[in-house]
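Below is one structure, written out as structure tokens; comments come after it.
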2 protein chains.
Amino acid sequence: MSRASEHAYAAIRAHVLSGTVAAGEQLTEDQLAQITGVSRTPVREAVRRLEDELLLVRSDTKRLFVADWSRDDIEEMFVLRQMLECHAAERAAKRLSREQIAALEVLNRDLTAAVEQSPPDVARFLEANRAFHEAIIDAAHSPRLGQLLARLVEAPVVLRTARIYSQSDLRQSARDHDELVAAFAARDGDWARAVMGSHLRRAFHTFARAVGPKTDEAANDQDSGEP
Amino acid sequence: MSRASEHAYAAIRAHVLSGTVAAGEQLTEDQLAQITGVSRTPVREAVRRLEDELLLVRSDTKRLFVADWSRDDIEEMFVLRQMLECHAAERAAKRLSREQIAALEVLNRDLTAAVEQSPPDVARFLEANRAFHEAIIDAAHSPRLGQLLARLVEAPVVLRTARIYSQSDLRQSARDHDELVAAFAARDGDWARAVMGSHLRRAFHTFARAVGPKTDEAANDQDSGEP
DNA sequence: CGAGCGCGATTTGTATACAATAACCACGCA
DNA sequence: TGCGTGGTTATTGTATACAAATCGCGCTCG
């Protein structure tokens with residue numbers, strides 16, 4: 001994507017994730033154009049992408065709002081991500097070269113180092129974690145799978161990127177990654193799939209804990225405002 | 001989507017699917033604007049959607065081409081679709097109301113009637129088939145799942161919508177749907193998943209047969225033109 | 001003869017003006 | 001008071017002009 005458009009995308013995304021606008025709040029293209037310093041044309045392109053990633057949503061009359069993720073939304077997202085990423089892990093187990101497996105080890109050493117600092121360096125953890133998962137998805141060698149996962153993975157990492165993680169959460173993640181590397185080294189697709197499954201399901205519960213208790217209600221209407 | 005934009009989307013899609021432009025051929029936004037009778041702005045929006053659906057692709061330098069689906073692309077797509085749609089069938093089995101199950105029966109009666117004509121009415125079959133699968137996905141009640149599947153399902157149905165199907169293929173599809181309805185009526189998610197799995201895997205082979213033999217080669221470069 | 005280079009033509013990207021549509025508010029009427 | 005209804009403002013959608021990037025081709029120079 002091109003300069004202005006890409007910039008608008010990053011800026012709007014950062015703006016939304018910074019939390020300076022509340023979930024459910026309306027945004028206008030003009031506003032975003034001013035914030036990003038480009039015209040509405042590239043803003044509209046950026047907004048389309050962010051809609052795709054479900055960070056923004058439109059009302060039935062095309063007005064734009066910051067998306068409001070319920071616990072059920074997050075669970076749904078993690079279920080899909082688990083399904084797809086387990087598949088990716090299984091394929092990756094058959095396809096990763098020795099060099100790629102070594103590279104995963106290096107990535108996870110960095111991740112572990114970030115975790116064992118005190119206090120843990122969460123930003124560095126997140127970046128290493130992202131790179132680790134991305135490497136596996138790339139190795140699965142299924143471009144459409146990668147494309148589908150891109151939408152799912154990006155969204156929630158985002159969701160208030162901060163004090164969700166306890167150090168024990170982070171340590172468990174690092175251990176999961178170690179076990180994944182072991183499964184890859186053994187070329188055991190079933191093992192890799194199983195580890196990835198528990199890894200992501202635990203991640204879901206970490207998020208769910210942060211976002212609040214189970215709702216059992218749908219109640220995720222963005223549009224109708226009646227109480 | 002808005003009037004011009006929606007029209008451009010439909011027109012470009014039809015244009016590509018009609019086969020009047022060859023796979024791999026370049027398109028320009030101006031061309032498409034002329035064809036569709038709207039300006040480049042809505043054309044660009046439509047093109048974005050079609051890129052998303054993988055009907056169009058961009059070279060590394062942003063030039064636009066008609067996508068060229070290899071057999072491996074089709075297989076990848078069906079594998080993903082199977083994974084997601086089996087999940088949808090399993091969820092649907094737990095959620096479909098008696099009325100919705102009855103509606104599926106009606107849809108499949110229409111599909112069967114289309115199949116049993118001579119010659120079979122393929123267009124009517126395709127439409128009933130689409131509606132049947134869509135109803136299941138809706139009943140799964142997972143909006144993101146629906147969104148992901150939309151991209152996967154649309155693309156290949158498209159791919160030269162015609163003389164791929166023998167009457168026996170069509171009849172088997174109708175029988176699969178009947179069995180799905182039975183699984184739903186029994187509220188048996190495992191059964192539904194299994195039937196959906198074989199249904200889609202068979203569909204893949206029908207497509208694969210039409211598009212040619214297994215390649216074992218990657219060779220799906222859109223950009224580099226050296227022979 | 002071939003590899004790099006420059007320049008006109010083509011194509012995509014961005015800004016801006018204007019058109020269409022939807023929300024808002026105030027007013028009048030039952 | 002409650003509810004339509006008209007006009008006014010805010011917001012999104014489209015067209016168009018222009019800017020930036022890219023391509024293709026012929027040319028020069030080694």
Side-chain angles (χ1 to χ4, degrees), chain A residues 1-13 15-16 21-68 221-227, chain B residues 1-13 15-16 21-68 221-227:
Chain A
M1 225 159 221
S2 224
R3 229 182 92 261
S5 184
E6 188 67 33
H7 167 75
Y9 170 78
I12 296 168
R13 182 189 174 83
H15 186 245
V16 169
V21 290
E25 191 168 328
Q26 182 173 0
L27 298 173
T28 71
E29 295 174 356
D30 263 321
Q31 245 177 63
L32 296 174
Q34 283 196 314
I35 290 171
T36 59
V38 299
S39 83
R40 272 181 56 217
T41 309
V43 164
R44 281 171 67 86
E45 284 214 12
V47 163
R48 299 293 279 226
R49 270 176 76 184
L50 291 163
E51 280 182 77
D52 245 32
E53 294 173 8
L54 299 173
L55 243 72
L56 303 178
V57 296
R58 271 182 199 280
S59 74
D60 47 358
T61 70
K62 313 300 167 100
R63 272 160 169 72
L64 197 65
F65 299 87
V66 178
D68 178 17
D221 282 79
Q222 221 78 32
D223 337 61
S224 70
E226 55 247 54
Chain B
M1 227 162 219
S2 224
R3 229 181 94 260
S5 183
E6 188 67 32
H7 167 76
Y9 169 78
I12 295 169
R13 182 190 174 86
H15 185 246
V16 168
V21 290
E25 191 168 325
Q26 181 173 0
L27 298 172
T28 71
E29 295 174 356
D30 264 321
Q31 246 177 66
L32 297 174
Q34 284 197 315
I35 290 172
T36 59
V38 300
S39 83
R40 272 180 56 216
T41 309
V43 164
R44 281 172 66 87
E45 284 213 14
V47 162
R48 299 289 285 231
R49 270 176 77 185
L50 292 163
E51 280 182 77
D52 245 32
E53 293 173 10
L54 300 173
L55 243 72
L56 303 178
V57 296
R58 271 183 199 280
S59 74
D60 47 358
T61 70
K62 313 299 168 106
R63 270 160 171 73
L64 197 64
F65 299 88
V66 178
D68 179 16
D221 283 81
Q222 221 77 32
D223 335 62
S224 70
E226 57 246 51

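These numbers come from the heavy atoms of this one structure, side chains and all, not from hydrogens, waters or symmetry mates. Convention: sequence-line order gives letters A, B, ...; per-chain numbering from 1.
Atoms CD (A:E45) and P (D:dT12) sit 16 Å apart, rounded to a whole Å. Rounded to an integer number of Å, the gap from OH of B:Y9 to P of D:dT14 is 16 Å. Taking atom CG on B:L56 and atom P on C:dT12, their separation rounds to 12 Å, with Å as the unit. Spacing between atom CD of B:E6 and atom P of C:dT21 amounts to 15 Å, rounded to whole angstrom units. The separation between A:L32 atom CG and D:dA10 atom C1' is 15 Å, rounded to whole Å. Between the CZ atom of A:R49 and the P atom of C:dG13 there is a distance of 13 Å, given to the nearest Å. Spacing between atom CZ of B:R3 and atom C1' of C:dT21 amounts to 12 Å, rounded to whole angstrom units. Following rounding to the nearest Å, B:D60 (CG) and D:dT22 (C1') show an atom-to-atom distance of 11 Å.
Taking A:E25 as the reference, nothing meets the side-chain hydrogen bond (donor to acceptor under 3.5 Å, both in side chains) condition, with sequence neighbours excluded.
Non-hydrogen atoms lying under 4.0 Å from DNA chain D are contributed by B:V38, B:S39, B:T41, B:P42, all within residues 33-42 of chain B.
Closest of all the heavy-atom pairs between A:V38 and A:A4 is CG1-CB, 3.8 Å. Minimum heavy-atom separation, B:G24 to B:F65: O-CD2, 3.4 Å.
Residue pairs meeting the side-chain hydrogen bond (donor to acceptor under 3.5 Å, both in side chains) criterion with at least one partner in residues 30-41 of chain A, sequence neighbours excluded, are A:E29-A:R40.
Rounded to 10 degrees, the angle separating the terminal helix axes of the helix from C:dC1-D:dG30 to C:dA30-D:dT1, each built from five base pairs, is 20°.
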Distances under 3.5 Å only, N/O to N/O: pair up the protein atoms with those of nucleotides 3-11 of chain C.
unit_1	atom_1	unit_2	atom_2	d
C:dT11	O4'	B:R63	NH2	3.3

What N/O pairs connect the protein and nucleotides 4-6 of chain D at under 3.5 Å? Give each pair on its own line.
none

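Considering only side-chain N and O atoms, B:S2 lies nowhere under 4.0 angstrom from the phosphate OP1 or OP2 of D:dT12.
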